[in-house]
Amino acid sequence: MNRGRQLSGGRQSSGRQSSGKQPSLAQLRAFAAVAEHLHFRDAASAIGMSQPALSGAVAALEEALGVQLLERTTRKVLLSPAGERLAVRVEAVLDEVEALMEEADAVKAPFTGALRLGVIPTVAPYLLPTVITLVHEKYPDLDLQVHEEQTSSLLEGLTAGRLDLLLLAVPLGMPGVTELPLFDEDFVLVTPLDHWLGGREGIPREALKELNLLLLDEGHCLRDQALDICREAGRADAPVTTTAAGLSTLVQLVAGGLGVTLLPRTAVRVETTRSNQLLTGYFADPAPTRRIALAMRTGAARGAEYEELASALKEAVRPLPVRVV
């Protein structure tokens, strides 16, 4: 890597006078080599620079900084006390420049570098195996970093730049956020073994008006979706007597006979096979559904990559019990 470009825009410490000169990367690189080898010839050879040029670069750095970095004798080179302190800083600066250049290369090459993906808890356990397999097989140079959070936290992270892409239920209706729809999935009714709707098909939505429906805690979008489905079925009250922090707990409460619940189809196989005390009922068409999408900042620099990823993910989820958009 060429570390010989000029540094600019450096901060000045409060209350200190600056010489007005900024050290160059070539000067920092020369000093770092001398600090490592404590020998001008060896240092010059290590970085491919002539010995006079190396010596001149270090002298220029000392002038720019206004401190003596080296103690030169006829037989060896020593770091001065200031040189020992500043050598650590110089190495850190060069490491950061290296990281900057590597990140720039990653940005220029599609599907490389970090991708910080936020996922809601009612999607993560059921979709992430598909997402991770897709990334490993199709985008092996992509550093996928997963963050499981509730919708409000994910959106805050996206708009603040903490997250790059979200996998969650839509619509969001949020300015500055672009949705990339993936699929629709039906909700099913999970009941105890002895429930009168257990295992039935063609269940009318109106049946929800009379059921003891167990819900997730506040903050989960799936809770809001379930309440919306109840309102559409003509139920005016909020059926909240028992709640849970996750779908696994919710299903176990159903198995214990405390009520029934709604599950998205992608969660059924994972959650209902943990107990033999459950039955699954299916609603009459049109069944209540939810839509899952990727969401990105509108105008995101990597928008084209995210759109390609969405297309690839649509194909990857076809074996699941969903309807690709």
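With sequence neighbours excluded, the residues that form a side-chain contact (heavy atoms from CB on, under 4.5 Å) with E156 are A160, R162. Judged as a ring-ring contact (aromatic ring centres under 6.0 Å, His included), and not counting sequence neighbours, F40 has no contacts. Taking the side-chain hydrogen bond (donor to acceptor under 3.5 Å, both in side chains) definition, one finds that R297 meets it with nothing, sequence neighbours left out.
Annotation for T273 and V270: closest pair OG1-O, 3.4 Å, computed over non-hydrogen atoms. Residues H37 and A46 share a closest heavy-atom pair of NE2-CB, 3.4 Å. When all heavy atoms are compared, the tightest approach of G161 to R116 is O-NH2, 2.9 Å. Minimum interatomic distance between K314 and P181 (heavy atoms only, all atoms of both residues): CE-O, 3.0 Å. When every heavy atom of Q225 is checked against every heavy atom of A169, the shortest pair comes out as NE2-CB, 3.2 Å. The two residues D164 and Y306 have their closest heavy-atom pair at CB-OH, 3.4 Å.
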Show me the side-chain donor-acceptor pairs of residues 188-200 shorter than 3.5 Å, one per line, residues at least two apart or across chains.
{"unit_1": "H195", "atom_1": "ND1", "unit_2": "L197", "atom_2": "N", "d": "3.1"}

For a quick test of your reading: what N or O donor-acceptor pairs under 3.5 Å do the side chains of residues 55-62 make, sequence neighbours left out?
{"unit_1": "E62", "atom_1": "OE1", "unit_2": "R72", "atom_2": "NH2", "d": "3.2"}
{"unit_1": "E62", "atom_1": "OE2", "unit_2": "L69", "atom_2": "N", "d": "2.8"}
{"unit_1": "E62", "atom_1": "OE2", "unit_2": "L70", "atom_2": "N", "d": "3.2"}

Show me, pair by pair, the donor-acceptor contacts under 3.5 angstrom made by side chains of residues 316-325, not counting sequence neighbours?
{"unit_1": "R318", "atom_1": "NE", "unit_2": "E315", "atom_2": "OE1", "d": "3.1"}
{"unit_1": "R318", "atom_1": "NE", "unit_2": "E315", "atom_2": "OE2", "d": "3.3"}
{"unit_1": "R318", "atom_1": "NH2", "unit_2": "E315", "atom_2": "OE2", "d": "3.2"}
{"unit_1": "R323", "atom_1": "NH1", "unit_2": "D186", "atom_2": "OD1", "d": "3.0"}
{"unit_1": "R323", "atom_1": "NH1", "unit_2": "D186", "atom_2": "OD2", "d": "3.3"}
{"unit_1": "R323", "atom_1": "NH2", "unit_2": "D186", "atom_2": "OD1", "d": "3.0"}

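Between F187 and I229, some side-chain heavy-atom pair lies under the 4.5 Å cut-off. Within the 4.5 Å cutoff, no side-chain heavy atoms of E179 are placed close to those of R291. Here the side chains of R29 and V93 are not in contact, with every heavy-atom distance at 4.5 Å or above. Between L28 and V97, every side-chain heavy-atom pair lies at or beyond the 4.5 Å cut-off. The shortest side-chain heavy-atom distance between L166 and L117 does not fall under the 4.5 Å cut-off. Using a 4.5 Å cut-off on side-chain heavy atoms (C-beta onward), L313 and K138 make no contact. With contacts defined as side-chain heavy-atom distances shorter than 4.5 Å, the pair Q150/I120 does not qualify. Side-chain atoms of L79 and F31, non-hydrogen and from C-beta on, do get closer than 4.5 Å to each other.
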Let's go through V170 and I292 carefully: what are the C-alpha distance in whole Å and the side-chain angles of both, what is the deciding distance for side-chain contact (heavy atoms from CB on, under 4.5 Å) to 0.1 Å, and is it a yes or a no? CA-CA 6 Å; V170 295; I292 300 300; over 6 Å; no

Would H39 and K76 count as a side-chain contact (heavy atoms from CB on, under 4.5 Å) here? Give the steps. CA-CA 7 Å; H39 195 287; K76 58 183 177 180; over 6 Å; no

One pair to check against side-chain contact (heavy atoms from CB on, under 4.5 Å): D184 and R290. What are the steps and the verdict? CA-CA 6 Å; D184 295 331; R290 72 172 180 174; over 6 Å; no

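L65 and L78 fall into different hydrophobic clusters, where Ile, Leu, Val, Met, Phe, Trp and Tyr are joined by side-chain heavy atoms under 4.5 Å apart, directly or via other members. Following chains of ILVMFWY side-chain contacts shorter than 4.5 Å, one cannot reach L213 starting from L279, and the two form parts of different hydrophobic clusters.
At distances below 3.5 Å, not a single donor-acceptor pair connects side-chain atoms of S45 with backbone N or O atoms of R41. Distance alone, capped at 3.5 Å, is enough to place a donor-acceptor pair between the R205 side chain and the P286 backbone.
None of E185, R265, E271 except one satisfies the side chain to side chain donor-acceptor pair (under 3.5 Å) rule with Y126; the exception is E271.
Within 6.0 Å of CZ in R269 there are 12 or fewer heavy atoms belonging to other residues, nucleotides or ligands.
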